There are 2 protein chains.
Amino acid sequence: MKEQRREWPRGMKRTRQRECVLSVLENSDSPLSAMDICGSAQNRDCRLWLSTVYRILELFVKEEVAVKTTMPDGGTSLYELNRYRHRHYAVCLRCRRVLEMDNCPLEKFVPEFSESDFRVTGHRIEMYGYCRECDGKER
Amino acid sequence: MKEQRREWPRGMKRTRQRECVLSVLENSDSPLSAMDICGSAQNRDCRLWLSTVYRILELFVKEEVAVKTTMPDGGTSLYELNRYRHRHYAVCLRCRRVLEMDNCPLEKFVPEFSESDFRVTGHRIEMYGYCRECDGKER
DNA sequence: CTCGGTGCAAACTCTTTGCATTGAC
DNA sequence: GTCAATGCAAAGAGTTTGCACCGAG
């Protein structure tokens with residue numbers, strides 16, 4: 001995984017802890033939980049508290065630096081960098097591995113509603129199934 | 001909302017509490033939280049504990065009577081009957097109203113993956129935006 | 001009658017909040 | 001120097017677990 005230097009988000013005070021959280025996010029190619037992030041940060045010799053991670057993530061989401069998601073069966077919230085591009089995932093039901101899809105089914109799609117109008121500003125798609133390694137194996 | 005009688009799921013012990021949870025789910029056309037379900041049950045003069053609701057829902061999901069989902073920004077898990085048909089929702093970002101979509105963008109879609117194969121067995125789609133009442137209003 | 005289901009309490013996990021101190025600007 | 005950000009503790013929400021009693025089969 002490569003260190004990709006990006007400029008610091010404008011108008012946001014630059015602290016050691018925020019740099020660290022941003023760096024962890026930059027160097028992950030799948031969504032992370034607050035606890036994952038806190039752990040990775042500790043491994044980089046950056047001491048910071050879990051509540052601080054939550055506060056930083058909240059800020060990042062507000063500033064649209066990061067995006068918050070959840071796996072469909074609920075549980076913990078996950079965060080990833082807002083890469084300003086369309087990205088959808090396929091989740092393996094066996095090993096939980098997350099694959100990135102190269103295309104988006106909503107490119108040319110116009111949703112229909114019987115009851116009402118709706119102005120669509122975003123969408124979320126996840127595919128479920130089995131990755132190559134898990135397909136055919138039990139459970 | 002109409003009482004739709006369906007037969008009791010096979011091989012599952014029939015108790016007052018389970019009938020009640022099933023009935024609440026049958027008569028809702030949007031996903032409900034465990035607490036919603038518990039509340040609705042109380043309104044029907046069915047006393048049951050929240051932990052019981054969770055246990056019943058876990059059973060229903062295992063038996064594929066119900067489906068567990070979450071809104072994308074995390075938080076509480078929601079449950080709805082497994083209606084064995086394709087159904088996607090649009091969620092209003094302002095009032096949280098949930099609209100059902102009449103079509104599915106994945107009918108003719110074949111996902112592409114650069115790295116690996118993936119056998120797709122299901123998918124989840126949610127659209128976000130603003131419903132007619134909320135569009136244009138602030139926040 | 002038996003054994004799984006439920007009531008109830010308590011624990012657990014993830015997340016948020018409050019307050020004093022620290023550190024970026 | 002000022003005020004926002006953080007460390008830390010503690011509270012909150014949602015969910016799970018343990019155990020004794022109850023009730024469906």
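Convention: sequence-line order gives letters A, B, ...; per-chain numbering from 1. Model, not experiment: these values are computed from the prediction.
Rounding to whole angstrom units, NZ of residue A/Lys62 and C1' of C/dT16 are separated by 17 Å. Between the CD atom of B/Glu19 and the P atom of D/dG23 there is a distance of 15 Å, given to the nearest Å. Nucleotide C/dC14 holds its P atom 15 Å from the CG atom of A/Leu32, rounded to whole Å.
Distance CD1/A/Ile37 to OG1/A/Thr52: 12.5 Å, rounded to 0.5 Å. To the nearest 0.5 angstrom, B/Leu57 atom CG is 13.5 Å from B/Lys62 atom NZ. Atom CG in A/Leu59 sits 4.5 Å away from atom CE in A/Met12 (nearest 0.5 Å). Distance NZ/B/Lys68 to CG/B/Asn82: 15.0 Å, rounded to 0.5 Å.
Across all strands, B/Leu50 comes closer than 4.0 Å to base atoms (heavy-atom distances).
Note on A/Ser77: a side-chain N or O is less than 4.0 Å away from OP1 or OP2 of C/dT15. Within the structure, a side-chain polar atom (N or O) of B/Arg18 is placed less than 4.0 Å from OP1 or OP2 of C/dG5.
Residue A/Arg47 comes nearest to A/Gln17 through the heavy atom pair O-CG, 4.4 Å, listed as atom of the first residue, atom of the second, then distance. Summarising the geometry of B/Leu78 relative to B/Ser33, their closest heavy-atom pair is CD2-N, 3.6 Å, with the distance given to 0.1 Å.
For DNA chain C, the residues of residues 51-61 of chain B within the heavy-atom distance limit of 4.0 Å (strictly under) are B/Ser51, B/Thr52, B/Arg55, B/Ile56, sorted by number.
Taking every side-chain heavy atom of B/Gln17 into account, C/dG7 is the closest of D/dT15, D/dG7, C/dG7.
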Subject >> Trace of the side-chain contact (heavy atoms from CB on, under 4.5 Å) decision for B/Val24 with B/Arg44 >> reply: CA-CA 9 Å; B/Val24 169; B/Arg44 292 160 182 246; 3.8 Å; yes
Any N/O pairs under 3.5 Å between the protein and nucleotides 23-25 of chain C? List them or say none.
| unit_1 | atom_1 | unit_2 | atom_2 | d |
| --- | --- | --- | --- | --- |
| C/dA24 | O3' | A/Arg14 | O | 3.4 |
| C/dC25 | OP1 | A/Arg14 | N | 3.1 |

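When the nearest nucleotides of DNA chain D are assigned to B/Leu78 and A/Trp49 by heavy-atom distance, the more 5′-ward of the two goes with A/Trp49.
Looking at heavy atoms from C-beta onward, B/Val21 lies in side-chain contact with B/Leu48 at the 4.5 angstrom threshold.
Distance alone, capped at 3.5 Å, places no donor-acceptor pair between the B/Arg18 side chain and the B/Phe60 backbone.
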